[in-house]
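Some notes on the structure that comes next.
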Amino acid sequence: MKSTARAPSNIAFIKFMGKTDENLRLPSNTSISMCLSDAITTTTVEFSPQYKNDQIDIRGDVFNNQENERIVSHLDRIRKRAKVKLFAKVATQNSFPKGSGIASSASGFAALTLAGTKACGLAIPEKELTILSRLASGSSCRSIPDGFVQWEKSTTSDDSYAYSLYPPEYWDIRDIVAVVEDKPKAVPTTSAHSLVATSRFFKARMENIDNTISLLKHALDRKDFPSFGETVENEALNMHAVLMTATPPLLYWNESTMSVIRAVWSWRLKGLRVYFTIDAGPNVHVLCEGKTEKTVVSYLKDISAIQNFSINKPAIGARVIENHLF
Ligand code: DP6
């Protein structure tokens with residue numbers, strides 16, 4: 001009863017922000033993302049009578065009690081579904097270092113869902129796997145299908161699932177994560193979801209989100225990079241406008257975030273097709289085409305506020321692999 005899976009993190013082009021049901025993690029809006037090639041979690045799960053409690057070994061990282069509890073709760077969901085009563089040993093390792101500007105909950109829970117269900121002997125179809133993973137961390141459901149992924153909002157759990165829109169090779173674009181701060185974020189994303197409705201701009205965001213989704217899908221469909229970039233950038237600024245006007249206000253950016261934003265805008269004025277998006281943190285995801293990667297990287301190297309960066313291509317989703325971590 002042992003299995004190992006690897007899963008990528010993902011970057012949202014249309015952000016998941018706000019939940020209509022906190023327990024079921026039902027999102028206020030449909031979101032769209034891309035799986036990231038250089039931000040992978042590998043997880044081995046083994047259920048066995050030899051374990052007298054759940055053991056969680058997070059290699060090269062320290063997790064607090066709350067994070068450990070989230071993992072145990074998810075093991076409980078898996079055990080319930082498989083009617084298994086055994087404790088588990090879990091080992092998990094990230095390809096991206098702590099402080100790389102990418103949260104590990106999306107890749108971490110996607111890998112745990114796949115490895116855990118497989119270790120229990122369950123062969124769950126992709127759609128159901130995304131639903132199960134969503135219950136642990138919303139955005140993790142988008143790390144299971146390949147490439148460019150859509151996660152549907154719904155009023156019922158069974159209809160809020162993720163699926164692939166296009167495979168990774170569909171479009172040769174890059175997400176270069178410019179890390180300006182490597183400390184854990186002050187306000188966790190889960191808290192942000194429960195605060196956004198206090199902003200009066202949240203209603204306006206919800207009224208316009210279907211229009212933004214149509215614009216993005218149209219741009220993806222035509223591989224129209226400027227239109228894609230403008231939509232993604234505007235959508236990120238929209239989410240942050242809502243966060244900044246919540247009570248209490250959530251301002252995730254710092255001075256270095258602003259310096260990268262201004263740099264991206266100045267390069268664009270000079271004719272370079274480069275855009276950005278930002279999650280609930282200060283680090284900037286710089287988006288460009290494969291053909292301009294080298295130029296963008298050379299420009300980023302000149303910005304002193306950037307501590308390090310990682311270059312991501314579109315990637316496949318979660319997979320079972322043979323090499324166990326223990
Ligand atoms: C800003 O999926 O981390 O990154 O369900 O509480 O674990 P929980 O939230 P999470 O939220 C991600 C928010 C975001 C935007 C996005 O990835 O869509």
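All residue numbers in this chain count up from 1 along the given sequence. Numbering of ligands and ligand atoms starts at 1, following listing order.
For the residue pair Y163 and Q150, a side-chain donor N or O sits within less than 3.5 Å of a side-chain acceptor on the partner.
Annotation: cation-pi pair K217/F228 absent, no NZ/CZ under 6.0 Å from the ring centroid and within 45° of its normal. For the pair K89 and Y51, the cation-pi criterion (under 6.0 Å, within 45° of the ring axis) is not fulfilled.
Taking atom 18 (O) of ligand 1 as the reference point, the nearest protein heavy-atom neighbour is F16 N, 2.8 Å. Protein heavy atom in closest approach to atom 4 (O) of ligand 1: D279 CG, 3.4 Å.
Considering both main-chain and side-chain atoms, R25 comes within under 3.5 Å of ligand 1 through a nitrogen or oxygen pair. When only interatomic distances are considered, the shortest N/O to N/O separation between G138 and ligand 1 falls below 3.5 Å. Considering backbone and side-chain N/O of A280, none are found under 3.5 Å from N/O of ligand 1. At under 3.5 Å, not a single nitrogen or oxygen of K15, backbone or side chain, sits near a nitrogen or oxygen of ligand 1. Residue-to-ligand polar distances place T190 within reach of ligand 1: an N/O pair is separated by less than 3.5 Å.
Cluster partners of W151 are F16, counting Ile, Leu, Val, Met, Phe, Trp and Tyr whose side-chain heavy atoms approach within less than 4.5 Å, directly or via other members.
The side chain of T189, and not its backbone, has at least one atom closer than 4.0 Å to an atom of ligand 1 (non-hydrogen atoms only; side chain from C-beta on). The proximity of A12 to ligand 1, defined as any non-hydrogen pair under 4.0 Å, is limited to the side chain.
Salt bridge absent: R134 and E152 never bring a charged side-chain N and a carboxylate O closer than 4.0 Å. A salt bridge is defined here as a Lys NZ or Arg NE, NH1 or NH2 lying under 4.0 Å from an Asp or Glu carboxylate O, and K19 with D21 fails to meet this definition. With salt bridges taken as basic N to acidic carboxylate O contacts below 4.0 Å, none links D159 and K153. A salt bridge does not link D158 to K127: none of the charged nitrogens lies less than 4.0 Å from a carboxylate oxygen.
Under a 4.0 Å heavy-atom criterion, S31 is not in contact with ligand 1. Ligand 1 does not have H240 within reach: every non-hydrogen atom of the residue lies 4.0 Å or more from it.
Atoms of ligand 1 lying under 4.0 Å from any heavy atom of R70, numbered from 1 in the order shown and given with element: 7 (O), 8 (P). Close contacts of ligand 1 with K19, meaning ligand atoms under 4.0 Å from a residue heavy atom, involve 5 (O), 6 (O), 8 (P). Numbered from 1 in the order shown, with element, the atoms of ligand 1 that lie under 4.0 Å from a heavy atom of S139 read 2 (O), 3 (O), 10 (P), 17 (O).
Take E289 and apply the salt bridge (Lys or Arg N to Asp or Glu O under 4.0 Å) test, not counting sequence neighbours, and it matches R273, K291.
Relative to atom 16 (C) of ligand 1, the option among H193, R142, R134 with the closest non-hydrogen atom is R142.
Open room surrounds NZ on K203; 12 or fewer heavy atoms of other groups in view lie less than 6.0 Å from it.
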